[in-house]
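Notes follow once the structure below has been shown.
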Amino acid sequence: MQDQFFNGNNPNNTNPYNHNGNQKKTSKISTKYYLFGLFTGMAVTLIVTLFSISVIRFYRLITSAPSASETTNSSSSIDSITDTSVRRKLSVLEDTIQKYFWQDVQEETLEDGLYKGLLDSLEDPYSVYYTNEELIALQQQTEGIYYGIGAYISQDVEMGYVRISGVIKNTPAEESNLQQDDYIYKVNGEDMQGKDSAYVVSKIKGEEGTYVTITVVREGVSEPIDIDVERRKIESPTVEYTMYDNGMAYIQITEFDLVTSGQFETAYNQAKDEGMKGLILDLRSNPGGNLSTVCEIARMILPKGLIVYTEDKYGKREEYTCNGANQIQVPLVVLTNGYSASASEILAGAVKDYGIGKLVGTTTYGKGIVQKVINLSDGSAIKLTVSSYFTPNGNNIHEIGIEPDVEIAFDSDLYQQGTDNQIEKAKEVLAELIANG
């Protein structure tokens with residue numbers, strides 16, 4: 001069974017230019033391609049949307065996938081689109097494109113477009129078709145070691161573009177002055193509108209020592225900015241640890257990659273060795289990641305019981321539990337914001353439900369659904385939304401989010417002066433918890 005992922009995609013066709021604060025409303029940038037040709041002596045207009053499916057090959061791929069049966073009980077949905085009329089229409093469309101389109105088109109390009117279009121037809125921003133190259137990029141992204149630029153990205157469904165949610169220190173991204181909250185508008189001149197994070201990552205990554213041109217839209221700057229960034233080997237540090245005064249430990253988790261649980265365990269043990277009296281766990285702008293990773297970390301701090309459970313459309317329930325052997329013994333504060341999503345919300349939701357800590361910051365993103373990657377026989381894959389997840393108390397936070405116990409908005413002006421007001425508030429709350437025993 002493939003691991004399950006708690007991060008998403010950007011389906012909306014919106015332009016990231018004219019924006020205001022965190023709630024950015026923009027006009028759509030869209031381009032329509034029209035194909036004109038003659039068929040049986042009559043003029044017809046063909047609108048190519050890359051919506052259909054190359055029937056026979058895709059049917060073989062999906063039925064040969066070892067885990068495909070886990071997400072469907074019937075092949076009727078496949079049969080319904082593989083009839084003679086659909087095959088005939090696909091043949092007509094392909095022939096017409098090859099005959100009349102103003103440029104040569106590779107068959108593989110059309111084929112991949114058909115598969116992507118089938119997943120797009122679900123109108124689910126988190127269900128995506130991956131070519132083999134895109135799948136490799138996705139796997140590298142979740143492993144935490146790759147050849148890239150050293151920036152974290154997250155989905156912004158409303159904007160339709162991915163944004164940079166963090167820049168790793170001492171990396172090409174930092175050296176090139178890429179900044180948090182930059183929207184990735186183009187990569188090497190290709191518009192990234194509506195592209196999911198794995199696709200964007202696949203275009204940014206490449207051979208070590210080569211360069212990629214990233215065009216970003218930045219708040220306060222009227223025109224897009226072209227930035228050339230060198231690709232290097234990046235070992236993503238997903239955990240950062242600091243010990244503040246009075247025994248207050250601070251651990252930030254930027255995303256839940258395969259390397260994260262080990263990094264968290266190292267930082268957590270160091271904090272305990274240094275006399276930790278309380279812990280601030282920073283999940284702000286953490287877009288999510290692997291289910292297995294967040295559960296491993298949860299088992300290091302939660303009491304005995306549920307971490308999270310999922311339910312699919314057939315009512316099948318799957319539970320992820322903790323034995324409570326390592327329940328945290330010091331007061332806990334969890335920092336969240338509107339970009340804390342998916343796996344971050346699983347951990348924050350469990351902490352809140354069990355009452356073992358206080359949430360400080362702003363309401364989380366609100367992504368309460370689960371995706372599963374299903375490998376196909378030719379090396380490609382599809383990522384499908386397969387279930388909803390619920391916090392231990394049975395709350396589905398999808399499109400709702402988790403409200404903090406202590407709400408405080410981020411003050412960017414203070415941050416520019418060297419003060420993170422949300423961390424300072426977390427320290428105040430933690431100090432009170434420590435004082436009250």
Side-chain angles (χ1 to χ4, degrees), residues 142-146 150 152 165-171 174 180 233-304 307 322-337 340 343-344 346-348 350-352 354 356-361 418-420 422-437:
T142 59
E143 287 170 359
I145 300 175
Y146 56 92
Y152 301 111
S165 57
V167 176
I168 301 172
K169 294 180 180 178
N170 303 316
T171 63
E174 183 182 56
Q180 181 174 323
K233 183 177 181 180
I234 305 295
E235 296 187 14
S236 180
T238 61
V239 174
E240 181 178 323
Y241 163 71
T242 302
M243 178 63 80
Y244 295 131
D245 294 336
N246 303 319
M248 294 185 186
Y250 169 89
I251 299 178
Q252 179 186 37
I253 303 176
T254 54
E255 59 187 14
F256 292 95
D257 293 338
L258 296 179
V259 298
T260 305
S261 57
Q263 293 177 1
F264 175 82
E265 184 175 18
T266 298
Y268 190 47
N269 286 337
Q270 182 177 348
K272 289 189 285 187
D273 290 342
E274 293 179 0
M276 172 179 64
K277 297 180 180 179
L279 173 63
I280 298 172
L281 181 59
D282 192 346
L283 300 181
R284 292 177 299 173
S285 298
N286 183 321
N290 296 314
L291 174 60
S292 59
T293 300
V294 70
C295 287
E296 287 169 3
I297 292 174
R299 293 184 181 109
M300 298 182 201
I301 62 174
L302 291 183
K304 182 177 180 179
I307 300 171
C322 174
N323 62 16
N326 302 304
Q327 180 177 346
I328 189 168
Q329 300 299 312
V330 297
L332 172 65
V333 170
V334 179
L335 279 167
T336 64
N337 66 8
S340 303
S344 299
I346 287 177
L347 187 54
V351 167
K352 186 169 185 177
Y354 284 115
I356 63 169
K358 296 289 185 181
L359 271 58
V360 174
T419 299
D420 188 325
Q422 290 180 322
I423 289 181
E424 293 306 311
K425 174 57 72 173
K427 288 179 181 178
E428 292 178 18
V429 174
L430 186 59
E432 185 177 347
L433 291 174
I434 292 172
N436 293 335

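Quick caveat, the model's predicted, so the values are computed rather than measured.
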Side-chain contact, heavy-atom cut-off 4.5 Å: [X] with [Y]?
X    : Y    : value
Q327 : I356 : yes
L283 : L335 : no
K277 : V330 : no
N436 : I434 : no
L302 : V351 : yes
L347 : I297 : yes
F256 : S344 : yes

All N/O donor-acceptor pairs, side-chain side in residues 240-253, below 3.5 Å, sequence neighbours left out:
unit_1	atom_1	unit_2	atom_2	d
Y241	OH	E274	OE1	2.6
Y250	OH	D282	OD2	2.6

| query | With sequence neighbours left out, which residue pairs that include part of residues 279-303 fulfil the ring pair (Phe, Tyr, Trp, His ring centres under 6.0 Å) condition? | reply | none

Distance-only donor-acceptor pairs under 3.5 Å for side chains of residues 258-269, two or more places apart:
unit_1	atom_1	unit_2	atom_2	d
T260	OG1	T238	OG1	2.9
T260	OG1	E255	O	3.0
T260	OG1	D257	N	2.8
T260	OG1	D257	O	3.2
S261	OG	E296	OE1	2.7
Q263	OE1	T238	N	2.9
Q263	OE1	T238	OG1	2.7
Q263	OE1	V239	N	3.3
Q263	NE2	S236	O	3.3
T266	OG1	G262	O	3.0
N269	ND2	E265	O	3.2

| field | side-chain contact (heavy atoms from CB on, under 4.5 Å) against C295, all qualifying residues, sequence neighbours excluded | value | L291, R299, I307, Y320

| task | Output, in order, the C-alpha distance, side-chain angles, deciding distance and verdict of side-chain contact (heavy atoms from CB on, under 4.5 Å) for I301 and N326. | result | CA-CA 6 Å; I301 62 174; N326 302 304; over 6 Å; no

| request: Go through the structure and list residues passing salt bridge (Lys or Arg N to Asp or Glu O under 4.0 Å) with E174, not counting sequence neighbours. | output: none

| task | Return the set of residues passing salt bridge (Lys or Arg N to Asp or Glu O under 4.0 Å) with E424 (not counting sequence neighbours), or none when no residue passes. | result | K427

| What's the verdict on salt bridge (charged side-chain N to carboxylate O under 4.0 Å, His left out) for D420 and K425, showing C-alpha distance, side-chain angles and the deciding distance? | CA-CA 9 Å; D420 188 325; K425 174 57 72 173; over 6 Å; no

State, to 0.1 Å, how close [X] and [Y] come at their nearest heavy-atom pair, and which atoms those are.
X    : Y    : result
G150 : T171 : O-OG1, 3.4 Å
P287 : T254 : CD-O, 3.4 Å
L433 : P331 : CB-CB, 3.7 Å
S340 : T336 : OG-CA, 3.6 Å

| request: To the nearest 0.5 angstrom, please state how far the CG atom of L281 sits from the CG atom of L430. | output: 11.5 Å

| query | Is there a donor in the side chain of S165 and an acceptor in the side chain of Y152, or the other way round, less than 3.5 Å apart? | reply | no

| K272 atom NZ, over 12 foreign heavy atoms within 6.0 Å | yes

